[in-house]
Amino acid sequence: MKKILLTLCICFATLLAKAQLGYMYGQYDLGFAAALNYAYTDAETVKGTPAAHLVFAYNHTPFLNYIAEVQFGRLAGGDSVRTLSGREFKNNYTAVSFRAQVQAGELLRYDNTVIMNALRNIYVSGGVGVIYNNMSEINRSSLYIPDYTSSGRNSSSEFFIPLKAGYEFKVFNSYDEPFIKVDLGYQLNYVLGDQLDGIKAGIRKDVYSQFVVGMRFAIGGFTSYRKPIRQ
Amino acid sequence: MKKIYGFLLLALIVINTGCKQDPPVLPANLRNTQLLGKWNLAFMQSEKYIDGDKEPDSSPLIGTANDYFIFEADNRATLSSTVYQKLFQGYYSANTAASTLAFKSGDLLIRYNVTALSITQMELVETINTNEAGSSVTIINYYTYNRLP
């Protein structure tokens, strides 16, 4: 009798375990991304430049993520020959930031329609960071208007506010756990200073935007979520 | 569903308000509205010093219809000179506090001290330092420009 009861208990436990599939996710991700930067500064023209990101994420839930990010990249802008101000810069920068990211799936029901299911991966994100600027090339003086020059620093560090919106595709394994996330996003980085271009002028602070494509891989800390992640 | 619209609206606001550049504005200390207009050269007098010794004065150059300065509001300037035998299109900057005027066109850069400026007359002094055959040469040009009121 005991053997029969034990066998039945094991069978029921297996059923329960199967019912939990599709609710599990990894709490920790490691990943990387590539970005195309555009700097909006005191320089008169805008140029696209590349950047690479290293990303570590703590997933409080599959749709609420805390992300630490290190960026290595270039920012550039201006034209010393074709603009009156002569402002031109190239900045080899490093940036560290922390963001909280909320996906729509955390806030709405996505199990009832195909559209809502698709929209659950839309996210917005905000945080704070520090950017370390290092001008590899800089021109602050006009070639045309005598004595028209600007001040600025070749090296500086400034705080910035990253704001990002995008979509996170989830790739599931055979246990319906999201183990790869593909990120497509647009990020605006509001610099709390005016030295992103090494040129101090005007009244606006500097901003740089990024088109980001990235991937994150679940590396551990698997736990369960209150509703199915994959529909 | 309303929550997702809120998400999208926030994203749109972020995107549209983010990227505006600071247009470059010429600082006030490089502009002088008193200069605006066309100035005709009345005459130019030169002094030459070799190793500090003054050379005899030459005859003043009387300005012709082809000797003038034009200063415009966006710091554009035109210099027409029979001395250079050329018309130069370029830019100027004028520091009111220091009473200086600079004109640049390509490789040509001329700096003046403004010794007098009124509605109808402007006096400029240009100092050129060179070396000739091992001697230090200083040429000081005194320009008097008139402007029709």
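Just so we're clear, the structure is a prediction, and the values are computed from it rather than from any experiment.
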- Task: Would you mind checking which part of A:Ala39 comes under 4.5 Å of any heavy atom in chain B, side chain (CB onward), backbone (N, CA, C, O), both or neither?
- Result: neither

- Do we see a donor-acceptor contact under 3.5 Å between the side chains of A:Asp197 and A:Thr41? yes

- Message: Among A:Lys181, A:Arg216, A:Arg120, which residue satisfies the salt bridge (Lys or Arg N to Asp or Glu O under 4.0 Å) criterion with A:Glu168?
- Response: A:Arg216

- Message: Counting heavy-atom pairs closer than 4.5 Å to chain B, which one of A:Asp206, A:Asp147, A:Leu143, A:Thr83 comes out on top?
- Response: A:Asp147

- Item | Contacting moiety of A:Arg87, where chain B heavy atoms sit under 4.5 Å | side chain

- Query: Between A:Glu106 and A:Lys227, is there a side-chain N and carboxylate O pair less than 4.0 Å apart?
  - Reply: no

- Query: Is A:Lys47 salt-bridged to A:Glu88, cutoff N-O under 4.0 Å?
  - Reply: yes

- Item | Heavy-atom proximity to chain B below 4.5 Å, by part of A:Ile203 | both

- Message: Show the nearest heavy-atom pair for residues A:Ile122 and A:Tyr167, with the distance to one decimal.
- Response: CG1-CD1, 3.6 Å

- Query: Which members of residues 84-95 of chain B, sorted by number, sit under 4.5 angstrom from chain A on a heavy-atom basis?
  - Reply: B:Tyr91, B:Tyr92, B:Ser93

- Structural part of B:Arg111 lying under 4.5 Å from a heavy atom of chain A: side chain

- B:Leu26 portion near chain A, given a 4.5 angstrom heavy-atom threshold: both

